[in-house]
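Since the structure comes first, as structure tokens, the remarks are kept for the end.
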Amino acid sequence: MNAIWRRVLLGLMGSVSATALSAASAPKEEVIEAPATKIEKKEEILAPRTGVQTLFDLDLRRWPEERFYENLTAQIDALSKTHGVEGKAVMMDIAEIYMGQMMVYEAGSVLGGFEGIEPQLESRLQALRHAQSLLDGYPVEDFETSPLFASTRVDRSFWAALQGIASGDARLLADNLEAGLLGLMHQTRPVAHTILPILTEAMVEIGADVHATQALRLLNEFPDLTDAPMGYFLRGRAQQMRGNQSSALAAYFEAAKGWDRYAARARLSLSEMALRDGGRGALLAARDVLEHGKDSWKGDFLEVQLMRTLAEVLVKNQDDVEALKTYGTIMLRFPGTAAAEEAEVQASVELKAVYDAGEAGDLSLATWLSLHYQLVPAFRYYDAFPGFVERVGDYLYDNGGTSMAAEEYQRTLDLLRDLRVHYPEKADLDREFSVRLKKVRALERGGQLEEAKFLLMSMDGSSDAMKREDVNRLRASVYAKLGDSEALLRTHVSKPSPVNLRNLAQALWAKKDWTEAIVFYDRLWSEFPGHFDADDATYLLIAAHRAGRADVTVRIINYFPNLTQSEGWMNLAQSFQSEPPSLMPLTKDGADQRIHRLQKSLENMKMSDL
């Protein structure tokens, strides 16, 4: 076995330095000899000797990676002087140079420009395209026929191992993993830097302990990897696979201090170990680790898994509110996915419990509102959430919190609008209209009349008679409270309420339109007798007196005992039936009688509490 690994490390002299020899074949504590002094290379561009058969279809070591700029500029210069088959060959050289630097996207861009190819270049183009796909993590169709898998290639197992990883072919991977690692000697250092961790993890996962140990030692040749979250994670995973839980935890905690993908994976592994352990301390540690780095990795299945695991850990820690917020975040970040659907099922139950408890008084209003405000950001696009917000507004309105109710109704409108904009199929204009009316009522009841008036002006229910009626009723009420008699009288209500009839009658009375005031007071009296009170009767009595309607006066006086038992009221009403003493001719007795009548009326008003 040592002989094999010496071959690997000797072959990687161009990509991984000779320091790896002692790292792979001897304990790390051994003294490592200093590397030989580096000899300055010549300026001319030469294809280096690889020490093995030249791989003409694809040979990433054809171009020294430390001379990338010189190699690339030379080929670009050559491209300007060639055409036809030679020009296409130069383009392939450029793609190969990019690939040797692991500039996979750039290589793919070059290779994507070929349309039709001469037979003598077909095999090389296919090899380059397949290599670009595999280095980018994508499998190759019909890999068995690929030039990269030809029996004459000494690195065929390297490419086969990448194919096994990309396609999930465990058998292909297992058959080629050891030899695939040997194939690293034929790749450049940038390629080895990227692929070695991938092969190392594959060895760990399939349980190839001996090879995994050797690969981890080889990883030490890259300090930026071995001392980074990647290195700690791979060592932690290897220890976990061997059952060394304490060593695995120590390595994972080190990896979790970082902010890259491997740090996120370490947090996930720590949490999964904590959930299996089930202990309070383990779960609290898992929560801390997950919350510390939950914003460090975004946008793929790993974030979803981290969020789902965090929710599970929070539930185990009995932190239901934070778990609920996490479910909402999953729904917000990954709509339409299975994870979001699962989170919605959990969230719908928990949301109902929270808002039912708030309405029932099981939670104090301060606690309920605090929870509510925390939930709003996570559930803003959940189509059932506006209903929960509206319930908060209704509760506040019913309990006198009109200003806060208006704010919750506005929040409901904002959520409904966002749903309408982002998900047109979920638009509910009738509901938006209903919530606006609720907001107007809250504003009116709270005395915010100008705001209520402004909102009513923006509401157009002209196409729907019922909506128009609701809007006009509210407009009439707001105009009346603002003292805007002209606007009130212009506002038509088909089926006025008692309040509306009273407001119209008072507006007409104030304008001294006694005849019309009588009409509306009469309607209030006849249509809503239970709402017709002594104040209304007094105004009607005065209007009837001013209009000379003795019939109305008599009718009101006869009805007064049904409204009040006040002697003052009764005397005041009766006074409207007597004629005042004649003013002319002016006599002392006539003047005394008028003064006495006035004094008596004032006494009656005092007794009636007017």
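Basis for what follows: all heavy atoms, side chains included, without hydrogens, waters or symmetry-related copies. Numbering of residues begins at 1 and proceeds along the displayed sequence. This is a predicted model, so every value here is computed, not measured.
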request  = Give me the ring orientation class for Trp368 and Tyr355: parallel if the planes are under 30° apart, tilted from 30 to 60°, perpendicular past 60°.
outcome  = perpendicular
inquiry  = Tell me whether the count of non-hydrogen atoms from other residues, nucleotides or ligands lying under 6.0 Å of OH in Tyr373 goes above 12.
reply    = yes
key: Cationic N near anionic O, under 4.0 Å, Lys511 to Glu486   = yes
inquiry  = Quick one, Leu415 and Phe388 - any side-chain contact, counting heavy atoms below 4.5 Å?
reply    = no
message = Does Lys438 qualify as a cation-pi partner of Tyr397, given the criterion of NZ or CZ under 6.0 Å from the six-membered ring centre and within 45 degrees of its axis?
response = no
query = Salt bridge check: are Asp522 and Arg549 linked by an N-O gap of less than 4.0 Å?
reply = no
request  = Look up atom CD in Gln240 and atom CG in Leu249, then write down how far apart they are to the nearest 0.5 Å.
outcome  = 8.0 Å
message = Looking at Arg411 and Glu408, is there a salt bridge between them, counting it only when a charged N and a carboxylate O are closer than 4.0 Å?
response = yes
message = By the ring-ring contact (aromatic ring centres under 6.0 Å, His included) test, which pairs, at least two apart or in different chains, include something from residues 240-259?
response = Phe233-Tyr252, Trp259-His292
remark   = When every non-hydrogen atom of Leu437 is compared with those of Val471, the smallest separation belongs to CD2-CG2, 4.3 Å
message = Taking NZ in Lys352 as the centre, count heavy atoms belonging to other residues, nucleotides or ligands within less than 6.0 Å. Is the count above 12?
response = no
ask   = Side chains of Lys439 and Thr412: does their closest heavy-atom pair fall under 4.5 Å?
value = no
request  = For residues Phe385 and Met331, determine if any side-chain heavy atom of one lies less than 4.5 Å from a side-chain heavy atom of the other.
outcome  = no
task = Measure the shortest side-chain to side-chain distance between Arg265 and Glu201 over non-hydrogen atoms and say whether it is less than 4.5 angstrom.
result = yes
query = Are any of the side-chain heavy atoms of Leu283 and Leu275 separated by less than 4.5 Å?
reply = yes
remark   = One should read off an interatomic distance between Leu371 CG and Leu324 CG, to the nearest 0.5 angstrom, of 9.0 Å
task = May I ask you to decide whether Glu444 forms a salt bridge with Arg441, counting only side-chain N to carboxylate O separations under 4.0 Å?
result = no
key: Residue pair Arg417 / Leu413, side-chain heavy-atom distance below 4.5 Å   = no
query = Are Asp356 and Arg391 within salt-bridge range, i.e. N to O under 4.0 Å?
reply = yes
Aromatic Tyr232 / basic Arg235 pairing, under 6.0 angstrom, 45° off normal = yes
note = To the nearest 0.5 Å, atom CD of Gln245 lies from atom CE of Met273 at 4.0 Å
ask   = Are side-chain heavy atoms of Phe379 and Leu332 found at a separation under 4.5 Å?
value = no
inquiry  = Donor-acceptor pair, distance only, cut-off 3.5 Å: does the side chain of Asn472 make one with the backbone of Val493?
reply    = no
message = If I take atom CD from residue Glu342 and atom OG1 from residue Thr337, how far apart are they, to the nearest 0.5 angstrom?
response = 9.5 Å
message = With rounding to the nearest 0.5 angstrom, report the CZ to CG distance, Phe528 to Leu524.
response = 8.0 Å
inquiry  = Taking the side chain as everything from C-beta on, heavy atoms only, tell me whether Thr491 gets closer than 4.5 Å to Tyr479.
reply    = yes
